[in-house]
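The figures here come from the full heavy-atom set of this structure, side chains too, leaving out hydrogens, waters and symmetry mates. As the structure lists them, so they are numbered: ligands from 1, and atoms in each ligand from 1.
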Amino acid sequence: MLNLTGKNALVTGIANNRSIAWGIAQQLHKAGANIGVTYLPDDKGRLEKKVAELVEPLQPSLFVPCNVQDEAQVQAAFEAVKGKWGKLDILIHCLAFANKDDLTGSFVNTSREGFATALEISAYSLLKLCAGAKPLMTEGGSVVTLTYLGGVKVIPNYNVMGIAKAALEMNVRYLASELGPQNIRVNAISAGPIRTLASSAVGGILDMIHHVETVAPLRRTVTQTEVGNTAAFLCSDLASGITGQILYVDAGYEIMGMS
Ligand code: NAD
Ligand code: 0WE
């Protein structure tokens with residue numbers, strides 16, 4: 001059975017109760033894992049307070065700031081893991097960012113800075129977090145990241161995020177290859193569209209969700225809990241033979257050739 005008792009799991013990307021990372025954290029906790037949470041610090045500490053209140057029921061043994069653009073914060077986060085837990089078993093990478101301007105209109109006009117920002121936060125960060133996790137995953141480990149179909153097929157307005165997700169998915173393969181000998185598995189979940197803070201900030205997400213509801217084999221979208229259950233599976237011994245994979249949790253939408 002799925003059992004994560006005694007496993008230490010660091011979860012990034014919780015912003016609110018709609019975050020996919022929150023769905024994952026809850027399912028990892030349910031399976032018995034010890035939870036550590038990182039959050040994106042802001043000037044007024046508002047997000048910190050909100051996230052702290054939200055995750056309280058999971059009694060996280062770690063709660064640390066980690067802006068992935070800040071080397072020192074990333075390093076400090078893993079220092080905290082080392083000090084508190086000694087070893088790490090599970091790393092959840094569940095964050096992405098592109099400038100809002102770059103998620104509408106003309107892709108060809110994406111700025112140099114906008115391109116770099118999206119790739120740095122959404123793709124390079126996986127590699128950076130894996131570098132921090134590697135020396136702490138002394139008994140092997142499992143890394144799970146979140147991707148989207150827009151990294152493989154053209155989805156209107158996803159634009160530079162599509163390039164970032166393509167890079168993220170290739171990161172998964174190179175990381176899986178390099179970390180495999182240490183029994184660290186690296187996989188991605190490609191989730192169908194879900195209403196979250198990030199997706200709701202994008203125009204037309206409701207139309208996209210409606211489209212999936214009419215076309216996907218299961219005639220619906222997926223929930224944060226379903227993504228969380230898949231993440232828990234990937235992090236468990238039940239998935240001990242799986243690495244380097246992109247697993248679609250999208251109600252089957254990806255297989256359809258005509259809509
Ligand atoms: P969300 O807004 O809840 O989560 C995004 C997170 O990224 C936030 O917690 C935010 O704080 C964090 N973040 C942004 N910049 C950061 C930085 N510099 N350092 C650290 N953290 C930073 O939205 P979500 O939809 O749950 O997104 C989580 C992941 O799921 C993303 O990778 C997204 O691409 C992916 N995804 C989302 C959907 C969807 O439809 N919602 C579908 C497929 C994949
Ligand atoms: O990966 C994502 C969302 C990524 C995202 C969203 C935002 C909105 C607010 C990254 N950066 C930002 N920056 C902001 O300022 N998804 C998979 C959800 C999503 O985003 C889309 C989608 C879907 C689905 C954008 C265009 C089209 C479809």
Inset, instruction - Provide the number and element of each atom of ligand 1 under 4.0 Å from a heavy atom of Ala198. - result: 2 (O), 23 (O)
Legend entry - Val55-Leu4 co-clustered via ILVMFWY side chain contacts under 4.5 Å: yes
Inset, instruction - Could you list which atoms of ligand 1 come closer than 4.0 Å to a heavy atom of Pro193? - result: 40 (O)
Legend entry - Nearest protein heavy atom with distance in Å, relative to atom 23 (C) of ligand 2: Ile205 CD1, 3.9 Å
Inset, instruction - Could you tell me whether Lys87 atom NZ has more than 12 heavy atoms of other residues or ligands within 6.0 Å of it? - result: yes
Inset, instruction - Taking atom CZ of Phe115 as the centre, report whether more than 12 heavy atoms of other residues, nucleotides or ligands fall under 6.0 Å from it. - result: no
Inset, instruction - Report whether Ile24 and Leu91 are members of the same hydrophobic cluster (ILVMFWY, side-chain heavy atoms less than 4.5 Å apart, transitive linking). - result: no
Inset, instruction - Output the list of atoms in ligand 2 that are nearer than 4.0 Å to some heavy atom of Ala201, sorted by atom number. - result: 8 (C), 9 (C)
Legend entry - Sub-4.5 Å side-chain heavy-atom contact between Val202 and Met208: no
Legend entry - Cluster overlap Ile92 with Ile189, hydrophobic side-chain contacts below 4.5 Å: yes
Legend entry - Polar atom proximity, Lys165 to ligand 1 (N or O, under 3.5 Å): yes
Inset, instruction - Give a yes or no on whether Leu28 and Leu88 share a hydrophobic cluster (residues Ile, Leu, Val, Met, Phe, Trp, Tyr; joining criterion: side-chain heavy atoms under 4.5 Å apart). - result: no
Legend entry - Pair Glu169 + Lys165, salt bridge at N-O below 4.0 Å: no
Legend entry - Protein residue, atom and distance nearest to atom 13 (N) of ligand 2, heavy-atom basis: Ala98 O, 2.7 Å
Legend entry - SG-CG distance between Cys94 and Leu126, expressed to the nearest 0.5 angstrom: 11.5 Å
Inset, instruction - Provide, to 0.1 Å, the distance between atom 7 (C) of ligand 2 and the closest protein heavy atom, together with that atom's residue and name. - result: Leu103 CD1, 3.5 Å
Legend entry - Heavy-atom donor-acceptor pair, Ser19 side chain to Trp22 backbone, under 3.5 Å: no
Legend entry - Closest protein heavy atom (residue, atom, distance) for atom 3 (O) of ligand 1: Ser19 OG, 2.6 Å
Inset, instruction - Would you mind running through ligand 1 and noting each atom that sits below 4.0 Å from a heavy atom of Cys94? - result: 6 (C), 28 (C), 29 (C)
Legend entry - Sub-4.5 Å side-chain heavy-atom contact between Ile242 and Leu247: no
Legend entry - For atom 31 (C) of ligand 1, the option (of Ser190, Ala96, Ser125) bearing the nearest heavy atom: Ala96
Legend entry - Identity and distance of the protein heavy atom lying nearest atom 18 (C) of ligand 2: Ser199 CB, 3.6 Å
Inset, instruction - Can you pull out the closest protein heavy atom to atom 30 (O) of ligand 1? Residue, atom name and distance to 0.1 Å, please. - result: Leu146 CB, 3.5 Å
Legend entry - Beyond-backbone contact of Val212 with Val222, side-chain heavy atoms, under 4.5 angstrom: no
Legend entry - Nearest-neighbour protein heavy atom for atom 15 (N) of ligand 1, which is reported as residue plus atom name and distance: Ile121 CG2, 3.8 Å
Inset, instruction - Pick one of side chain, backbone, both or neither for how Asn67 approaches ligand 1, counting any non-hydrogen atom pair under 4.0 Å. - result: both
Legend entry - Protein contact of atom 8 (C) of ligand 2 - nearest heavy atom, named by residue and atom, plus distance: Ala198 O, 3.2 Å
Inset, instruction - Please tell me if the side chains of Leu47 and Asp42 come closer than 4.5 Å, counting only heavy atoms from C-beta onward. - result: yes
Legend entry - Atom indices of ligand 1 within 4.0 angstrom of Thr147 heavy atoms, with elements: 43 (C), 44 (C)
Inset, instruction - Check the hydrophobic clustering (I, L, V, M, F, W, Y; side-chain heavy atoms under 4.5 Å; chains of links allowed) and say if Ile194 and Tyr158 are grouped together. - result: no
Legend entry - Pairwise side-chain contact, Lys84 with Asn8, heavy-atom cut-off 4.5 Å (strictly under): no
Inset, instruction - Within a distance under 4.0 Å of any heavy atom of Gly192, pick out the atoms of ligand 1 and give their elements. - result: 40 (O), 42 (C)
Legend entry - Pairwise side-chain contact, Gln59 with His29, heavy-atom cut-off 4.5 Å (strictly under): no
Legend entry - Check: Gln245/Asn187 side-chain N/O donor and acceptor closer than 3.5 Å: no
Legend entry - Spacing of Phe233 atom CZ and Ser142 atom OG [to the nearest 0.5 Å]: 10.0 Å
Inset, instruction - Give the atoms of ligand 1, by number and element, whose distance to some non-hydrogen atom of Cys66 is under 4.0 Å. - result: 19 (N), 20 (C)
Inset, instruction - Using a 4.0 Å heavy-atom cut-off, say whether Ile20 meets ligand 1 through its side chain, its backbone, both or neither. - result: both
Legend entry - atom 4 (C) of ligand 2: the protein heavy-atom neighbour that sits closest, reported with distance to 0.1 Å: Met161 CG, 4.2 Å
Inset, instruction - May I ask you to check whether Ile194 has an N/O atom sitting below 3.5 Å from an N/O atom of ligand 1? - result: yes
Inset, instruction - State whether the shortest distance between N or O atoms of Thr196 and N or O atoms of ligand 1 falls below 3.5 angstrom. - result: yes
Inset, instruction - Quick one: look at Pro156 and ligand 2, take heavy-atom pairs under 4.0 Å, and tell me if it's side chain, backbone, both or neither. - result: backbone
Legend entry - Sub-3.5 Å N/O-N/O distance, Ala21 and ligand 1: no
Inset, instruction - If you have a sec, work out which protein heavy atom is nearest atom 12 (C) of ligand 1 and how many Å separate them, to one decimal? - result: Leu95 CB, 3.7 Å
Inset, instruction - Identify the residue among Ile184, Leu175, Val172 that makes a side-chain contact (heavy atoms from CB on, under 4.5 Å) with Cys130. - result: Leu175
Legend entry - Minimum-distance protein heavy atom relative to atom 10 (C) of ligand 1: Leu40 CD2, 4.4 Å
Inset, instruction - Give the atoms of ligand 2, by number and element, whose distance to some non-hydrogen atom of Asn157 is under 4.0 Å. - result: 26 (C)
Inset, instruction - Identify, for atom 26 (C) of ligand 2, the protein heavy atom at the shortest distance, and state residue, atom and that distance. - result: Val202 CG1, 3.4 Å
Inset, instruction - Provide the number and element of each atom of ligand 2 under 4.0 Å from a heavy atom of Tyr158. - result: 1 (O), 2 (C), 16 (N), 17 (C), 19 (C), 20 (O), 21 (C), 22 (C), 25 (C), 26 (C), 27 (C)
Inset, instruction - Looking only at distances, please establish whether an N/O atom of ligand 1 is found under 3.5 Å from an N/O atom of Val68. - result: yes
Legend entry - Subset of ligand 1 atoms that lie under 4.0 Å from at least one heavy atom of Gly13: 4 (O), 6 (C), 8 (C), 9 (O)
Inset, instruction - Return a yes/no value for Gln69: is any of its N or O atoms, backbone included, closer than 3.5 angstrom to an N or O of ligand 1? - result: no
Inset, instruction - With heavy atoms of Ile14 as the reference, note each atom of ligand 1 found under 4.0 Å away. - result: 9 (O)
